[in-house]
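Lettering of chains follows the sequences in order, A, B, ..., and the numbering in each one begins at 1. All heavy atoms count here, side chains included; hydrogens, waters and symmetry mates do not. Just so it is clear, the model here is predicted, and its values are computed rather than measured.
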Protein chains: 2
Amino acid sequence: MPSAADPPNDRKRIQAVQTTLDIIDTLRERGIAGVTEIATEIGVSKGTVYNHLVTLEENDYVVKDEDDRYHLGLRFIDVSHQATSRVPILELAKTEVDKLAEKSDEMALFTVEEHGMGVCLYVAYGDQAVQTPLYVGHRSELHHTAVGKAILAHLPRERVEAIIDQRGLTKQTEHTITDRETLFEQLEEVRKRGLAFNEQETIHGLVGVGAPIKDQDGSVLGALSIIGPSSRLDEERFQRELPDMIMRSVNIIEINSTSL
Amino acid sequence: MPSAADPPNDRKRIQAVQTTLDIIDTLRERGIAGVTEIATEIGVSKGTVYNHLVTLEENDYVVKDEDDRYHLGLRFIDVSHQATSRVPILELAKTEVDKLAEKSDEMALFTVEEHGMGVCLYVAYGDQAVQTPLYVGHRSELHHTAVGKAILAHLPRERVEAIIDQRGLTKQTEHTITDRETLFEQLEEVRKRGLAFNEQETIHGLVGVGAPIKDQDGSVLGALSIIGPSSRLDEERFQRELPDMIMRSVNIIEINSTSL
DNA sequence: GAACGCTGTTTAGCACACCTGAACACTTAA
DNA sequence: TTAAGTGTTCAGGTGTGCTAAACAGCGTTC
């Protein structure tokens, strides 16, 4: 009997695999790390970490440098290529995001949903674009971004409830929506307008506009957005100009993807 | 005592992790697969595969679709982002590869070595470029490509020996070098000329030119190459024009990277 | 429509694989 | 030299991740 004291969630299925994934996650956060460092981080013995790292290295998933420190291997790129190929509209979205970034001079991105998280699949920077800690592959919660709310607004309510239950409504800034009902009310507006806004809900001083891309059945395939500093985006630009540009791009993608 | 009958290589360290990595590899090859399919592929029981998949899914590394079939998750992109950031000259190489592709009208690429394999980190297509099954993240053996030989030529001999021992000299076409001594002779020429050629050694009808990028210590950071159909690349182009273009790009990268 | 054949899922139970803790070899610093 | 680090190895027992079989749901087929 496991002392009936496991944390609220289900027991993890395969402990050894969980340990390996924890090691990978530690390496992802730190970039480079040694055996002892990882062992204390994830709370297992040094010997265990060592054996896992050897197994991962034999499979080219990690690389050991000359100082016996470990980092992630390039094999992950190979694997992620296959993962990416499951998103058929990606190529269309890329050309549109490039156009949006160029025309707006701001930062533009294409994001899809997976497991209740937003995953950024493409970014383009306009001439005046802000620098944010955003990269292809970046995962973020859905409730505090423009793309996120654009996507949530077009998922079945039960699905949204499940996502909130799993991921919560963590507060990023004082403008982040942390109340369930407030969120659902705003999602209703997003649905009416076909547009979602992020008004400093993720990072202070940063705003964004986003719109969902849907297939012929009405289910969301992803979302486009433009992000910029609140100082530069006055009412006219933020409420008219940029939304119009996004909607035009969304249209192009939707038309071209149905013809596939 | 393990019956002294393990295959020639070392026993695998952690079996459970190895199983999970085999599952990931199966999904990478097939794109999408069911529990039974994977189980027969890698030779373990259905229950085992199921438990592994649940663990992987809880960590967002795989996704289950509505038909109970599994595919790789986008989380791999996040991980590979960190893996990629370890290659500092990548951004420089990208702009040069773009230039090469545009000027040559052929396909150009940037490749680095890891664990004795070549990993393609960037591709660009010129207007006339051939379509090859090549993508960012693609791994290939070093002995039958232009980039591969360019890199091998500038590694210590013992390192090259070790790589051959591990990966072998598999025959891709009738032109592939499969003899150890012949390879070392050609690497000597590559070193003299600063250029490597692939004359239909990977795919019949496909040729390539490549050159290594080195740091101030003389160790290789990667390689650039141009690939095209043998029909289009006559002597003049293949032996002078393209090599000159590549060498110029290599120079630019080397100069700009030392200033970092 | 019931029996089949195919899924993915669940369960029982046991061998053994994976963890831990400590010892080891080695480098760097004091 | 000593000490405090590191990564690596090892013995050993516990608990875990295997296997095999049964279960539950689908479609298809006869």
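A heavy atom lying under 4.0 Å from DNA chain C marks the following residues of residues 27-36 of chain B, by number: B:G34, B:V35, B:T36.
A distance-only check finds no donor-acceptor pair linking the side chain of A:H144 to the backbone of A:T170 [under 3.5 Å].
In this structure, A:G43 and B:Y70 both approach DNA chain C, and ranking their closest nucleotides by distance from the 5' end singles out B:Y70.
Checking C:dT20, D:dC18, C:dT10 against every side-chain atom of B:Q15, the shortest atom distance belongs to D:dC18. Relative to the side chain of B:S45, the nucleotides D:dT8, D:dA20, C:dG8 differ in distance, and D:dA20 lies closest. The side chain of B:K46 has C:dT9 as its nearest neighbour among C:dT10, D:dT9, C:dT9.
Atoms OH (B:Y50) and C1' (D:dC23) sit 13 Å apart, rounded to a whole Å. Atom CG in A:D67 sits about 12 Å away from atom P in D:dT8, given to the nearest Å. For the pair A:I23 CD1 and D:dG7 P, the computed distance is 13 Å after rounding to whole Å. Separating the CD atom of A:E37 from the P atom of D:dT6 is a distance of 9 Å, rounded to the nearest angstrom. Rounding to whole angstrom units, CD1 of residue B:I14 and P of D:dT8 are separated by 14 Å. As rounded to whole Å, 13 Å separates atom C1' of C:dT7 from atom CD1 of B:I38. If you measure from atom CG of B:D68 to atom P of C:dT10, you get 11 Å, rounded to the nearest angstrom. Rounded to a whole Å, the CG atom of B:N51 is 9 Å from the C1' atom of D:dC18.
For residues 74-95 of chain B, the set of pairs meeting the ring pair (Phe, Tyr, Trp, His ring centres under 6.0 Å) definition, not counting sequence neighbours, comprises A:Y135-B:H81, B:Y61-B:F76.
Here the options are B:V54, B:L21, B:T20, B:I14, the test is side chain to side chain contact (heavy atoms under 4.5 Å, CB included), and the partner is A:V17; only B:T20 passes.
Using a 4.0 Å cut-off, some side-chain N or O of B:K64 falls inside it from OP1 or OP2 of C:dT9. Considering only side-chain N and O atoms, B:T48 lies nowhere under 4.0 angstrom from the phosphate OP1 or OP2 of D:dG17. The phosphate of C:dC19 (OP1 or OP2) has a side-chain N or O of A:H52 nearer than 4.0 angstrom.
One finds no salt bridge joining B:R75 and B:D78 here, because no Lys/Arg side-chain nitrogen approaches an Asp/Glu carboxylate oxygen to under 4.0 Å. With respect to A:R139 and A:D25, no salt bridge is recorded, no charged nitrogen being found less than 4.0 Å from a carboxylate O.
Taken to the nearest 0.5 Å, the CZ atom of B:R13 stands 11.0 Å off from the CG atom of A:L53.
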Steps toward side-chain contact (heavy atoms from CB on, under 4.5 Å) verdict (A:Q172, A:I203): CA-CA 7 Å; A:Q172 302 285 329; A:I203 294 174; over 6 Å; no
